[in-house]
Chemist: 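Structure incoming, see below.
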Amino acid sequence: MTVSTYLFIIIAGCFVLTWLIRVSPFALFSKIDLPNGVIKWLQFVPVCLFTALILESMLNQEGSAGYTLNIESILVAIPTVVIAIVTRSLTVTVILGMILIAVVRLFY
């Protein structure tokens, strides 16, 4: 398989830009003391992202007619939320949620 120079430059450019976008905030904010209000606000970001991912997976888009509920995801979301509340650990929640979705897809 050959890769043209143009394609290689595009891939390398995307790598560099993605790396800069993801690494530069860590480098910048590691040297700056943020106000307590900003730090408190940033603590909600993982919860918001996790919630958005879960809700997006619970809906199936049916063309331009709208959305329908994904029963598999709803069956898994309920115990997964309980696990998240009890353990308060993102790692445990994700791993057990993946196991639950595997079991539901095996039988459903």
Side-chain angles (χ1 to χ4, degrees):
M1 180 173 117
T2 61
V3 178
S4 69
T5 305
Y6 176 75
L7 184 60
F8 180 75
I9 291 171
I10 294 293
I11 292 171
C14 289
F15 167 77
V16 169
L17 287 175
T18 302
W19 188 80
L20 283 174
I21 289 170
R22 293 176 191 251
V23 172
S24 61
F26 290 110
L28 177 67
F29 291 125
S30 67
K31 295 180 169 98
I32 297 174
D33 290 329
L34 296 173
N36 287 336
V38 173
I39 292 173
K40 187 174 182 176
W41 177 78
L42 287 173
Q43 291 175 346
F44 292 104
V45 172
V47 174
C48 293
L49 292 174
F50 193 59
T51 303
L53 289 171
I54 290 172
L55 290 178
E56 188 269 333
S57 71
M58 287 185 187
L59 299 173
N60 292 333
Q61 188 171 10
E62 301 290 332
S64 61
Y67 294 93
T68 59
L69 295 176
N70 184 343
I71 301 301
E72 290 176 350
S73 294
I74 293 172
L75 288 174
V76 171
I78 295 168
T80 303
V81 168
V82 172
I83 290 167
I85 291 170
V86 171
T87 64
R88 303 190 60 75
S89 168
L90 183 60
T91 304
V92 172
T93 303
V94 169
I95 290 171
L96 291 177
M98 290 171 58
I99 292 170
L100 286 172
I101 194 71
V103 169
V104 166
R105 286 183 179 172
L106 181 65
F107 295 111
Y108 185 69

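Reckoned from all heavy atoms, side chains included, excluding hydrogens, waters and symmetry mates. Computed from a prediction, not measured in an experiment: that's the story for all the values here.
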Chemist: Which pairs would a plain distance check flag for residues 35-49, meaning a side-chain donor or acceptor within less than 3.5 Å of a matching protein atom at least two apart in sequence or in another chain?
Modeler:
none

Chemist: For the hydrophobic clusters of this structure (ILVMFWY residues joined by side-chain heavy atoms under 4.5 Å, transitively), does one cluster hold both V81 and I101?
Modeler: no
Chemist: Checking F8 now: which residues fulfil side-chain contact (heavy atoms from CB on, under 4.5 Å) with it, not counting sequence neighbours?
Modeler: V3
Chemist: Partners of T51 by side-chain hydrogen bond (donor to acceptor under 3.5 Å, both in side chains), sequence neighbours excluded?
Modeler: none
Chemist: So, taking the atom named OG1 in T68 and the one named CE in M58, what distance separates them when rounded to the nearest 0.5 Å?
Modeler: 13.5 Å
Chemist: Quick one: which residue pairs count as a salt bridge (Lys or Arg N to Asp or Glu O under 4.0 Å) with a foot in residues 89-101, not counting sequence neighbours?
Modeler: none
Chemist: Sort and list the pairs that fulfil salt bridge (Lys or Arg N to Asp or Glu O under 4.0 Å) and have at least one residue in residues 77-86, not counting sequence neighbours.
Modeler: none
Chemist: Out of curiosity, does V82 fall in the hydrophobic cluster containing L96 (side-chain heavy atoms, cut-off under 4.5 Å, transitive links)?
Modeler: no
Chemist: Are L69 and L55 connected into the same hydrophobic cluster when the rule is that any two of I, L, V, M, F, W, Y join if their side-chain heavy atoms are below 4.5 Å apart?
Modeler: yes
Chemist: Under 4.5 Å between side-chain heavy atoms, hopping through other hydrophobics if needed: is there a path connecting W19 to V16?
Modeler: yes
Chemist: Under 3.5 Å, which donor-acceptor pairs link side chains of residues 84-95 to any protein atom two or more places apart or in another chain?
Modeler:
unit_1 : atom_1 : unit_2 : atom_2 : d
T87    : OG1    : I83    : O      : 2.8
T87    : OG1    : S89    : N      : 3.4
S89    : OG     : V92    : N      : 3.3
T93    : OG1    : S89    : O      : 2.7

Chemist: Can you list the residues that meet the side-chain hydrogen bond (donor to acceptor under 3.5 Å, both in side chains) rule with R22, with sequence neighbours excluded?
Modeler: none
Chemist: Verify side chain to side chain contact (heavy atoms under 4.5 Å, CB included) between L59 and N70, making sure each step is shown before the conclusion.
Modeler: CA-CA 5 Å; L59 299 173; N70 184 343; over 6 Å; no
Chemist: Please collect all side-chain hydrogen bond (donor to acceptor under 3.5 Å, both in side chains) contacts where either partner lies in residues 97-107, sequence neighbours excluded, each pair once.
Modeler: E72-R105
Chemist: Which pairs of donor and acceptor atoms, one on a side chain in residues 23-30, lie under 3.5 Å apart (sequence neighbours left out)?
Modeler:
unit_1 : atom_1 : unit_2 : atom_2 : d
S24    : OG     : L20    : O      : 2.5
S30    : OG     : F26    : O      : 3.3
S30    : OG     : A27    : O      : 3.0

Chemist: Excluding sequence neighbours, so at least two apart, what forms side-chain contact (heavy atoms from CB on, under 4.5 Å) with L53?
Modeler: none
